[in-house]
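Working notes, beginning with the structure itself.
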There are 2 protein chains.
Amino acid sequence: MNSSSSPNRGRPARLNQERTLQTALDLLNESGLDALTMRRLADALGVQAGALYRYFATKHDLLTAMAERMLDGVADAAGPTTDSDWSEKAADLIRALRTALLAHRDGARVFAGTHPTGPNTLGFSERLIGVLREAGFSDSEAARALYTVANFTVGHTLEEQAAHYPGDEEPTDAGALHEAVAAGAYPHLAATLPVLAGTDFTTNFEFGLRLLLDGLRALQH
Amino acid sequence: MNSSSSPNRGRPARLNQERTLQTALDLLNESGLDALTMRRLADALGVQAGALYRYFATKHDLLTAMAERMLDGVADAAGPTTDSDWSEKAADLIRALRTALLAHRDGARVFAGTHPTGPNTLGFSERLIGVLREAGFSDSEAARALYTVANFTVGHTLEEQAAHYPGDEEPTDAGALHEAVAAGAYPHLAATLPVLAGTDFTTNFEFGLRLLLDGLRALQH
DNA sequence: ACCTGAACACCGTTCAAGT
DNA sequence: ACCTGAACACCGTTCAAGT
């Protein structure tokens, strides 16, 4: 029947946004952000680099789509039926954001370098602001709290992922820290060195998260 | 009259670490991080790009030195004679960190991409941890609080500087946010849109800072 | 000792031309 | 409509050779 007048005549496209996006995320996990070049991505897709620009106008657009995809599901983290209080729901959302960023190599760097405005990112903001507004916080308090926890989470995960893949294997700057502290200046750093040089990032994150939630609690009288 | 056997014979060096570092910081302020290439920096110094590698082994080393230099003076922010309480001293240090990052274009991006271990950076950590330990916080609390406030400040300033220089002039994603919100989904985002789309970064920062300090206060019973 | 010149191995992006 | 081939204008880094 309409085999010749249909749209999309010619050969079926070997490329599309979805396959490009998925392959880019795979390549990110395998090789990291620095190795994610348009040429290498094209290679992995069996295509020339120029062909990618039919689906993403710039590399930055591709990175934005990757960041948005990374947040898939985070908005569903605050259990809707669990009758926990607002701070538990907020904590669940924020932990889900960190987990989503950690799920991809250099996830925080990708996210920090873009400003996704898709349903996953907006959905996360919507849910967290909703939890806070329903807890009695004002519009501006809720909005500013969102920014604060998001900035903390991205900043923290940036550090965490930078410490994990230092290009080589050893913690590059732990040595420099030990050296400087051993010289005698910095008595307070010396006393807290075990924690400063430690790698228990989850405990560090939970500490910061608790600070923020306690701070919010102090706000409601 | 040792005019011929002295070290440093031959022509005096046109280049050195200090001049390279200072010119790099100037170029950063003029053109931003993306335009700060070894070739352009060499041009500004009147030299070939390869010559830079006698003073900085890699571009990353240069960026690390730039980050360290940016924090010059921040450790002196907590007035030593002012008899204010610990939270005022801590706040002053943290505000000084933000101010230092804001003082250079893309300062937060430079700082986030490096791990300086010089006296300015270590001095800042030493002072903040000192203030907290003397306020009665434990070693691990003080160390984790440092990480939390530093990560928040870097994350926040990253956002702030990304919003200021979007390559062009208009707030690039404010439009996308308005569009998405206007569609009807995201009622909570719609209600808080004025604050979310606002650009009062100092107020936002102070809100987060207060949250963290209140959270710390809640920690000491 | 310090810098040049030139190369190596890459980048993101564009666009005529093919199919 | 979709992709190739080839180019444009760059990168960071290395290193023999000059002075």
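Just so we're on the same page: letters track the sequence lines, and every chain starts at 1. Fair warning: this is a prediction, and the values are worked out from it, not measured in the lab.
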Self-check item: E206(B) and R95(B) ion-paired at < 4.0 Å
Solution: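 A salt bridge is present here (some side-chain N lies under 4.0 Å from a carboxylate O).
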Exercise. Using a strict 4.0 Å threshold on nitrogen-to-oxygen distance, state whether D200(A) and R144(B) make a salt bridge.
Key: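 The answer is no: the pair does not qualify as a salt bridge.
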Exercise. Identify the nucleotide, in any strand shown, that forms a Watson-Crick or G-U wobble pair with dA1(C), with both distances under 3.5 Å; if there is none, say none.
Key: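 Partner of dA1(C): dT19(D).
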Quiz item: Using purine N1 to pyrimidine N3 plus N6-O4 or O6-N4 for Watson-Crick, or N1-O2 and O6-N3 for G-U wobble, both under 3.5 Å, which nucleotide pairs with dA6(C)?
Solution: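 Across all strands, the one nucleotide that pairs with dA6(C) is dT14(D).
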Quiz item: Distance between the P atoms of dA9(D) and dC10(C), in whole angstroms?
Solution: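 That atom pair is separated by 22 Å.
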Quiz item: Between F207(B) and Y147(A), does the ring centroid distance fall short of 6.0 Å?
Solution: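 No: the rings miss the under 6.0 Å criterion.
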Practice problem: Classify every nucleotide of nucleotides 3-15 of chain C by which part a protein heavy atom approaches to under 4.0 Å, writing B for the base, S for the sugar-phosphate alone and - for neither, in 5'-to-3' order. | Solution: BBS-B---BBBB-
Quiz item: Is it the case that N29(B) and R105(B) place a side-chain donor and acceptor less than 3.5 Å from each other?
Solution: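 Judged by distance alone, the side chains do not pair up.
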Practice problem: Verify, without hydrogens or angle tests, whether E160(B) (side chain) and R98(B) (backbone) share a donor-acceptor contact under 3.5 angstrom. | Solution: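 Not at all, since once roles are kept as given, no pair shorter than 3.5 Å links the two residues.
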